[in-house]
There are 2 protein chains.
Amino acid sequence: MARAATTSDAFNAIAEPQRREILVLLRFGERPVTDLARDLGMTQPQASKHLRVLREVGLVRVRGAGRQRLYGLDARGLRPLHEWLGGFERFWSESFDRLDEYVQELRQATQEGPHDGDDQ
Amino acid sequence: MARAATTSDAFNAIAEPQRREILVLLRFGERPVTDLARDLGMTQPQASKHLRVLREVGLVRVRGAGRQRLYGLDARGLRPLHEWLGGFERFWSESFDRLDEYVQELRQATQEGPHDGDDQ
DNA sequence: CCATCGTATGCCTATATCGGAATGTGTGAC
DNA sequence: GTCACACATTCCGATATAGGCATACGATGG
């Protein structure tokens, strides 16, 4: 068997650096294919192919605007990634995450009794 | 060119579901190869190969313990993923994250003036 | 030193990728 | 209707994967 299809997963889809860059660009709004291709220094067909993959895993949506097709981000598809990663937060926050720190601060401020401890 | 090597990235390494499961198991502590293989229902050689990949991208470390080799999580390698994903938080929190909600609650409780709004 | 356990590696095949170039499809404009 | 434009799809080749199986490696114990 070969590697799993790039379209099988958000995990597989974003394994490709260029696809990640596309998603980053789309954070700033919808864009047509040619725009993306030019900004990322790739050919139009390649951009189209990458967008196809991203579409199949539900990370982007298309909207026909005249003879252009505007691609837009659908970041809900990234949630599985986020959730999976969530299980590891405690590990890489050996040097605490700013958000974590913030939460702790606030937790103290509100004088909520702590109900979870950290072990290991 | 083919797909980028699985060992080129944490992104590529975790594209494989079994590799993700290995990492999840390692959250609970160090473990020898055979253990992992059995728990995940795969052959020992496969587990070894997956662990090799994970090692090459710095997601696990090995520690020789007698004639066993204990594999342990090194979650720092997941930070690039976390950081990349961070840029999208605002998007998938259309239906708010529990943590986000919690932070907001607490923010109100502490009566901190709000200094950022959510747009979309 | 030799047997044995735990683990790593080599070889093989099928599969699917990414890149490049050319060409197909569809929409709007004149 | 035809041209031009924006985009999608196809064919090609090189590459490297994951799985299965056999086997090599390394350390420990007797």
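Chain letters run A, B, ... following the sequence lines, proteins first and then strands; every chain starts at 1.
For B:Arg38, the salt bridge (charged side-chain N to carboxylate O under 4.0 Å, His left out) criterion is met by B:Asp35, not counting sequence neighbours. The side chain to side chain donor-acceptor pair (under 3.5 Å) check on B:Gln44 picks up B:Ser48, with sequence neighbours excluded. Remark: B:Arg3 engages A:Arg3, A:Thr6, A:Asn12 in a side-chain contact (heavy atoms from CB on, under 4.5 Å) (not counting sequence neighbours). Shown here are the side-chain contact (heavy atoms from CB on, under 4.5 Å) partners of B:Thr43, two or more places apart in sequence or in another chain: B:Pro45, B:Gln46. Remark: A:Ala2 pairs with no residue by the side-chain contact (heavy atoms from CB on, under 4.5 Å) rule, at least two apart or across chains.
Regarding contacts with the backbone of C:dA8, a side-chain N or O of B:Tyr71 is found under 4.0 angstrom from either OP1 or OP2. Using a 4.0 Å cut-off, some side-chain N or O of A:Arg52 falls inside it from OP1 or OP2 of D:dT9.
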For residues 58-72 of chain B, which side-chain N or O atoms pair as donor and acceptor with protein atoms under 3.5 Å away, sequence neighbours left out?
from, atom 1, to, atom 2, distance (Å)
B:Arg63, NE, B:Glu30, OE1, 3.3
B:Arg63, NE, B:Glu30, OE2, 3.1
B:Arg63, NH2, B:Glu30, OE1, 2.7

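The salt bridge (charged side-chain N to carboxylate O under 4.0 Å, His left out) contacts involving residues 11-22 of chain A comprise A:Arg20-B:Asp9, where partners must be two or more places apart or lie in separate chains. Listed by first then second residue, pairs satisfying salt bridge (charged side-chain N to carboxylate O under 4.0 Å, His left out) with a partner in residues 47-57 of chain B read B:Arg52-B:Glu56, not counting sequence neighbours.
Contact check for B:Met42 versus B:His50: side-chain heavy atoms found under the 4.5 Å cut-off. Side-chain contact check for A:Val24 versus B:Phe88: some heavy-atom pair is nearer than 4.5 Å.
The stretch residues 26-36 of chain A comes close to DNA chain D through A:Pro32, A:Val33, A:Thr34, each having a heavy atom under 4.0 Å from the strand.
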Under 3.5 Å, N/O pairs linking protein and nucleotides 24-30 of chain D:
none

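The separation between B:Arg38 atom CZ and C:dG6 atom C1' is 13 Å, rounded to whole Å. Atom-to-atom, CZ of A:Arg69 to P of C:dT25 comes out at 15 Å; the value is rounded to the nearest Å. Distance, A:Gln68 CD to D:dA4 C1': 14 Å, rounded to whole Å. Distance, B:Glu56 CD to C:dT9 P: 9 Å, rounded to whole Å.
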Next on the checklist: Under the criterion side chain to side chain contact (heavy atoms under 4.5 Å, CB included), I'd like the reasoning laid out for A:Phe11 against B:Phe11: C-alpha separation, chi angles, the key distance, then a yes or no.
Outcome noted: CA-CA 8 Å; A:Phe11 288 92; B:Phe11 288 92; over 6 Å; no
Checklist outcome for this item: Contact string for nucleotides 17-22 of chain D, one letter per nucleotide 5' to 3', B = base within protein heavy-atom range under 4.0 Å, S = sugar-phosphate only, - = neither, reads BBBBBB
